[in-house]
Undergrad: 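Here's a structure for you.
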Amino acid sequence: MKKWNVANVRAAKGREKLGCCTAYDACFARLADEAGVPIVLVGDSLGMNVLGYRTTLPVEMSDTLAAVGAVSRAVKDAMVVGDMPFGSYQCGDDEAVKNAVAVVKAGAEAVKLEGGVSVCGLIRRLVGAGIPVLAHVGMTPQSVNEYGGFKKQGKTHEEADRVLADARAVEEAGAFAVTLECVPSELAASVTAALSIPTVGIGAGPVCDAQWLVMHDLLGLNEGHVPSFVKQYAHLADEAKRAFASYVEEVASGTFPPA
Ligand code: KIV
């Protein structure tokens, strides 16, 4: 297995499609790494999947740093990307650089942050400081209150032009890859063709250079509504509940522990 880094992720564009996912703890990060996942994102979706929030907005730097530390101690070959939580880079560029440095010191090899043209100055500073940046355009979940929900972006000509302009701008600012979240697949195809850096899609169709899946979706750990773009490759919630119930039952009936 090779060690994934900025250079070979960039070089994979047009050659190899990368199936990437999130992880938030050492146990699942190690499993993903051993299975060959090339990029493990400590996403701010940690807020929903681990901390029980309804959005990513409440996630704190301390949550991110703990999770990045756990994940980076567990993986060997995957590249670890740390998501900058809401408020950690909207607070002025000096503070944002300090926060990104903390994410790298915790073990991330790159940071991800949301926004296009509006964050290009910060991307330039981070890249200038030696911190690789994976950008994120299209539907940016930290803007949920602005959108009035997690809504697909880029559906009108005007929105599509803005997504393309954002993607071009983050490439020009030095991002090594860009997440395209919840945009029409034709738009994702145009952006992917227009950029020389890889696009990592989620809810953006099959043409992107790479894909994200949130680990809890991929493994079927989340119950309830499954977004249409998600594929569950396992149903671990059912399996886990079966195991808990058997344990409770065996203790109650005296079968466990054995005599
Ligand atoms: O936090 C997250 O899960 C993300 C997705 C785009 C993968 O940012």
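Keep in mind it's a predicted model, so treat the numbers as computed, not measured. Just follow the structure's listing: the first ligand is 1, and inside any ligand the first atom is 1. This chain uses plain numbering: 1 for the first residue, then up along the sequence.
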Undergrad: For Tyr89 and Glu114, indicate whether the former's side chain and the latter's backbone hold a donor-acceptor pair under 3.5 Å.
TA: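 Yes, the answer is positive, given that a donor and an acceptor are paired below the 3.5 Å cut-off.
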Undergrad: Do any nitrogen or oxygen atoms of ligand 1 lie under 3.5 Å from a protein nitrogen or oxygen, and which ones?
TA:
unit_1   : atom_1 : unit_2 : atom_2 : d
ligand 1 : 1 (O)  : Asp44  : N      : 3.1
ligand 1 : 1 (O)  : Asp44  : OD1    : 3.1
ligand 1 : 1 (O)  : Ser45  : N      : 3.1
ligand 1 : 1 (O)  : Ser45  : OG     : 3.1
ligand 1 : 1 (O)  : Asp83  : OD2    : 3.2
ligand 1 : 3 (O)  : Ser45  : OG     : 2.5
ligand 1 : 8 (O)  : Lys112 : NZ     : 2.9

Undergrad: Main chain of Gly115, side chain of Ser118: is a donor-acceptor contact present, judged purely on distance under 3.5 Å?
TA: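 No, Ser118 side chain to Gly115 backbone: no donor-acceptor pair under 3.5 Å.
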Undergrad: For Glu109 and Lys3: C-alpha separation, side-chain torsions, deciding distance, then whether salt bridge (Lys or Arg N to Asp or Glu O under 4.0 Å) applies.
TA: CA-CA 12 Å; Glu109 295 158 274; Lys3 171 71 192 122; 2.9 Å; yes
Undergrad: Quick one: side-chain hydrogen bond (donor to acceptor under 3.5 Å, both in side chains) pairs with a partner in residues 200-225, sequence neighbours left out?
TA: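 Listed once each, the pairs are Lys13-Asp209, Asn49-Asn222, Thr179-Trp212, Thr199-Asp209, Asp217-Asn222, Glu223-Lys241.
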Undergrad: Give a yes or no answer on whether the side chain of Ser143 reaches the backbone of Glu146 with a donor-acceptor pair at less than 3.5 Å.
TA: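 No.
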Undergrad: Using salt bridge (Lys or Arg N to Asp or Glu O under 4.0 Å), reason through Asp83 and Lys112 one step at a time and then give a plain yes or no.
TA: CA-CA 5 Å; Asp83 218 354; Lys112 179 168 87 55; 3.0 Å; yes
